Every structure is written in C-alpha cells, then in structure tokens.
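Down below is the structure, laid out as structure tokens.
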2 protein chains.
Amino acid sequence: MPLRPISDVRREELALAALEVFLTSGADRMTLERVAKTAGTSKGTVLHYYLSKEALLDRVLRDVLRVLGREAQASIVAQTTAREKVNAQIALCFRPELFTPEYARAWLSVIAKCAAGNGVDRYRRLIARRLRSNLQAYLRPLVGATEARPVAESLAALIDGLWLRRAVDPVGLTPDRAKALALTHLEESLAFL
Amino acid sequence: MPLRPISDVRREELALAALEVFLTSGADRMTLERVAKTAGTSKGTVLHYYLSKEALLDRVLRDVLRVLGREAQASIVAQTTAREKVNAQIALCFRPELFTPEYARAWLSVIAKCAAGNGVDRYRRLIARRLRSNLQAYLRPLVGATEARPVAESLAALIDGLWLRRAVDPVGLTPDRAKALALTHLEESLAFL
DNA sequence: CAAGAAACTGACCTATGAGTCAATCATCCG
DNA sequence: CGGATGATTGACTCATAGGTCAGTTTCTTG
C-alpha cells in the first residue's frame with residue numbers, strides 16, 4: 001500500500017490543531033498564528049496547506065458536522081419507534097461530552113459570524129435545518145402532518161435556546177437538566193394534542 | 001432653568017449615533033470611526049466624550065435596557081391577572097418593532113461577545129435573568145412555587161431560541177408566528193400540570 | 001477685552017491578524 | 001550525484017481599529 005502523502009498528513013494535523021483552537025477560542029479568535037503554534041509550525045505552513053483562514057474554518061466545520069452526522073445516524077437509526085427516535089435525537093443534542101460550555105461557545109461564535117453576514121451560512125442552515133427536519137420527520141407519525149412542523153419548530157428553538165444559555169452560563173444548566181427540559185416540552189406537546 | 005451643558009448634548013447625540021451603528025452593524029462592527037461619521041464628527045471627539053469604546057457600548061446597552069425596562073413595566077403592570085401578565089411579557093418580547101432581524105442580530109452579537117469573555121457580561125445576565133425571573137414571578141400563582149422555575153426556564157429558553165432564529169433567518173419566522181409558538185408552549189405547560 | 005477652559009480635530013502610534021513572497025531545506029527520482 | 005519538486009520558514013505588506021496627543025478653535029467669564 002502506498003504511504004500517505006505528507007501533504008495529507010499535514011492537512012489533517014493542521015485541521016486537528018485548528019479544531020482545538022476553534023473549540024477553545026471560537027471562530028473569530030481562531031487565528032492562523034494560534035493554529036500554527038498549536039500545531040508546532042509556522043503561519044506560513046498553515047497557509048501553504050489551506051489557501052485562507054476561511055478554507056481552514058470550512059474544513060473544521062465540515063469535520064465536526066460529519067462526525068455529528070455519523071453519530072446521529074448510528075444512534076437514531078437503531079431506534080424502532082418514532083417516539084424513541086425523537087428521544088434519541090434529543091439525547092444526542094445534550095450528551096454531556098457535546099453539551100459543554102466550550103462547544104456551546106464555539107457554536108455560538110459561528111452563528112454570530114453568519115448572522116453578521118460573514119460567509120459560513122451554509123453550516124448554520126445545515127445544522128438548524130437538519131435538526132428541525134429530523135425532528136419533524138420523527139414527529140409526523142406522532143402528531144400528524146399539520147402539527148409536526150410547529151412542534152418541531154418549537155422544540156428546535158428550545159434546544160437552540162438551551163445551547164445559547166449553556167454558552168453564556170457555564171454552571172447554571174447541566175446537560176441532564178437541559179435534556180429534561182427538552183423532553184418535558186416534547187411530552188407536553190404530545191399530551192396537549 | 002439652566003441650559004443643558006453642551007457636553008451632555010454631545011454625549012447624547014453620540015450615544016444615539018452609536019445606537020444606530022450598533023443596531024445595523026452589531027457590537028463588533030460598531031467602530032469608533034463609523035460612530036463618528038454617523039454623528040458627523042471625528043473619532044477624536046467620540047473619545048473625548050467616552051473614554052473608550054467599551055464605555056460607549058456600555059452607554060448604548062444601558063439605554064436600550066432602560067427603555068425596554070420602562071416599557072415592560074408600563075405594559076405589564078397594567079395587567080391584573082397573573083396570566084395576563086405572562087401574556088404581556090411574551091407579547092413584549094415579540095413586538096414587531098422589536099423582534100426585527102436587526103435587533104436580533106445586534107442582541108446576538110452582544111451575547112457572543114460576552115460568551116467569548118470580552119466584558120459586558122452583566123448585560124446578558126441582566127436581560128436573561130430579568131426575563132426569566134419576571135416570568136417566574138408571574139407564573140408562581142399559576143403553577144405553584146416548585147413548578148414556576150422550570151416552566152419559566154423553559155419558556156425563557158424558547159424565547160431566546162426564537163430570537164436566535166430571527167437573527168439568522170430574517171424571513172422564516174414572523175413576529176406573529178414566534179409569539180404564537182411561545183404562547184402555545186405556555187398553554188401546554190399550564191395544561192399539563 | 002483677555003484669559004482660561006472646554007470643544008474639537010487630524011496626525012500619529014500601536015497592536016492584531018490575514019495574506020504574500022523569496023529564500024532555504026529536504027526529499028525523491030533519473 | 002544533481003536537479004526538480006515540494007515543504008517550511010520568517011520577514012514583509014496591508015488593512016483595521018482602538019487609543020494618544022498636541023495644537024487649534026470656540027465659548028465663557030472675570
């Protein structure tokens with residue numbers, strides 16, 4: 001088998017370093033200098049492998065989304081009933097290793113960036129839409145076609161709001177509590193119809 | 001009566017210009033240069049009246065919060081029943097002239113700023129806490145002392161999430177629809193107990 | 001009116017951060 | 001071996017943005 005080209009190795013190492021910086025500093029403060037330092041190299045090298053900071057951020061976000069997508073697929077497809085699928089999706093959003101202040105802050109920094117208009121929109125849309133449309137799909141058998149959309153919309157907004165709070169107040173909201181709030185909301189929505 | 005000192009007049013004019021820039025550009029892009037230009041003066045003058053950009057932003061946020069606080073007081077105190085008070089609080093959050101993409105983006109930029117650690121924390125806490133604790137107070141007679149907190153927490157998070165969505169997707173969510181979603185959530189929470 | 005205080009300005013300084021580039025250094029292949 | 005290709009670097013430019021400052025104008029007041 002052919003040895004992996006150095007360029008690929010480097011690109012991956014740099015992406016990893018960038019991810020680390022991104023998670024601790026957010027999208028704005030993820031400077032090329034810091035990424036270089038974290039990777040133990042120079043800014044020039046970073047720009048040698050990624051044409052611009054945007055390209056690097058792109059790669060980082062793509063990686064994160066890919067991983068999340070895979071995990072979602074794995075843990076949701078395993079469920080049989082629609083209700084279990086919704087539950088699994090919610091549980092996924094609040095897994096303790098994901099629902100951390102660092103992740104939340106990083107996520108918020110991306111949202112803010114794209115709300116401000118600086119590129120990167122696709123990712124937010126991707127996350128938000130996928131979350132909502134997944135929920136909507138799982139909810140349809142439970143609440144009917146007409147009610148699925150508003151219920152999913154509300155639940156997705158609640159989840160976003162809880163993430164936002166997590167970003168700003170690292171101690172006031174545990175993963176368990178956040179998950180409980182989301183599940184209660186779901187419960188109530190289902191009971192109400 | 002004494003004429004108003006020029007310094008006060010200027011400070012207010014500059015605060016007004018700063019508010020305009022803040023609402024259209026967000027906290028980060030509210031540069032001293034732009035504020036000066038908007039006010040029709042020079043950067044030096046801005047810094048003559050406000051010791052730093054942070055001081056200026058401080059003033060802007062303080063003004064906004066004061067106005068919002070006054071409006072809240074006025075429109076909520078007028079209500080008699082607890083349920084009406086909650087409704088009024090929700091209506092206030094989604095008033096069409098407030099729940100605009102511009103406001104939402106500006107608000108998001110502040111949240112992101114303080115999540116990132118750059119000063120200004122007090123304001124987020126102020127907004128978030130006041131909203132939640134107001135809701136909690138109005139809800140206590142409706143759902144009891146033990147349930148008031150989680151219900152308020154959930155509703156506040158939902159409202160935050162809807163604002164967030166408003167910031168990112170200017171067309172997908174009208175004020176009416178957002179308000180309806182929040183009211184439905186409240187309805188369901190009350191019905192469920 | 002004159003002098004001091006306040007308003008006001010623009011030139012300057014500094015820091016940060018993205019991106020460029022020519023010059024090295026390593027490696028691989030003919 | 002020896003050139004070509006690619007990796008790597010650090011010094012450079014450019015732009016932004018906050019903040020400083022000395023000097024000028026304008027106002028106020030004795």
Side-chain angles (χ1 to χ4, degrees), chain A residues 1-18 20-22 24-61 106 109-110 112-114 116-120, chain B residues 1-18 20-22 24-61 106 109-110 112-114 116-120:
Chain A
M1 69 183 170
L3 297 181
R4 215 146 61 108
I6 291 174
S7 61
D8 286 12
V9 178
R10 288 282 173 274
R11 249 181 279 272
E12 196 171 323
E13 289 168 335
L14 290 172
L16 216 63
E20 186 185 327
V21 176
F22 168 68
T24 56
S25 316
D28 287 322
R29 303 219 186 164
M30 180 187 103
T31 71
L32 296 178
E33 194 57 50
R34 281 193 215 199
V35 172
K37 203 121 179 222
T38 301
T41 180
S42 69
K43 194 170 65 166
T45 299
V46 178
L47 282 161
H48 179 69
Y49 289 105
Y50 292 93
L51 295 189
S52 65
K53 175 183 170 171
E54 207 190 328
L56 180 56
L57 184 55
D58 212 81
R59 162 77 190 248
V60 168
L61 296 179
S109 76
V110 174
K113 202 178 179 61
C114 72
N118 313 24
V120 209
Chain B
M1 68 182 166
L3 296 181
R4 212 144 65 105
I6 292 174
S7 61
D8 285 14
V9 177
R10 287 282 173 274
R11 248 181 279 273
E12 195 171 325
E13 290 169 334
L14 290 172
L16 215 63
E20 186 185 327
V21 176
F22 168 68
T24 57
S25 317
D28 286 323
R29 303 217 187 167
M30 179 187 105
T31 71
L32 296 179
E33 194 59 50
R34 281 192 216 199
V35 172
K37 204 120 178 223
T38 302
T41 180
S42 69
K43 194 170 64 165
T45 299
V46 178
L47 283 162
H48 179 70
Y49 288 105
Y50 292 94
L51 295 190
S52 66
K53 176 184 169 170
E54 208 191 326
L56 179 57
L57 184 57
D58 212 82
R59 163 77 189 247
V60 170
L61 296 179
S109 76
V110 174
K113 202 178 180 61
C114 71
N118 313 24
V120 209

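Note that the structure is predicted; figures quoted are calculated from it, not measured. Naming convention: chains lettered A, B, ... in sequence-line order (proteins, then strands); numbering from 1 in each chain.
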Exercise. Is A/S25 reaching over with its side chain to a backbone N or O of A/F22, donor-acceptor style, under 3.5 angstrom?
Worked result: no
Seminar exercise, completed: Note: chain B reaches DNA chain D at heavy-atom distances under 4.0 Å over the stretch, first to last nt, 5' to 3', of D/dA17 to D/dT20
Taking only side-chain N and O atoms of [X], does any of them lie within less than 4.0 angstrom of OP1 or OP2 on [N]?
X     : N     : result
B/Y49 : C/dA6 : no
B/T41 : C/dT9 : yes
B/T45 : C/dA7 : no

Exercise. Got a second to check how far A/T45's OG1 is from A/R10's CZ, nearest 0.5 Å?
Worked result: 8.5 Å
Pairs under 3.5 angstrom, nitrogen or oxygen only, protein versus nucleotides 16-19 of chain C, please.
| from | atom 1 | to | atom 2 | distance (Å) |
| --- | --- | --- | --- | --- |
| C/dA18 | OP1 | A/K53 | NZ | 3.3 |
| C/dA18 | OP2 | A/L32 | N | 3.0 |
| C/dA18 | N7 | A/K43 | NZ | 3.0 |
| C/dG19 | OP2 | A/K53 | N | 2.8 |
| C/dG19 | O6 | A/K43 | NZ | 3.0 |

Exercise. Between B/M30 and B/L56, does a side chain to side chain contact (heavy atoms under 4.5 Å, CB included) hold up when you go through it step by step?
Worked result: CA-CA 10 Å; B/M30 179 187 105; B/L56 179 57; 4.1 Å; yes
Please write out each protein N/O paired with an N/O of nucleotides 21-23 of chain C under 3.5 Å, distance rounded to 0.1 Å.
none

Exercise. Taking the side chain as C-beta and beyond, is there a heavy-atom pair between A/T41 and A/E13 under 4.5 Å?
Worked result: no
For this session: Check B/A106 against B/S109 and note the closest heavy-atom contact, atom names and distance.
Result: O-OG, 2.6 Å
For this session: Heavy atoms only: give me the nearest B/Y50-B/R59 pair and the separation to one decimal.
Result: OH-NH1, 3.4 Å
Which atom pairs, one a donor and one an acceptor, fall under 3.5 Å between side chains of residues 32-40 of chain B and the rest of the protein, sequence neighbours left out?
| from | atom 1 | to | atom 2 | distance (Å) |
| --- | --- | --- | --- | --- |
| B/T38 | OG1 | B/R34 | O | 2.8 |

Problem set entry | For B/D58, all residues meeting salt bridge (charged side-chain N to carboxylate O under 4.0 Å, His left out), sequence neighbours excluded | B/R62, B/R122
Seminar exercise, completed: salt bridge (charged side-chain N to carboxylate O under 4.0 Å, His left out) filter on A/E20, not counting sequence neighbours, yields none
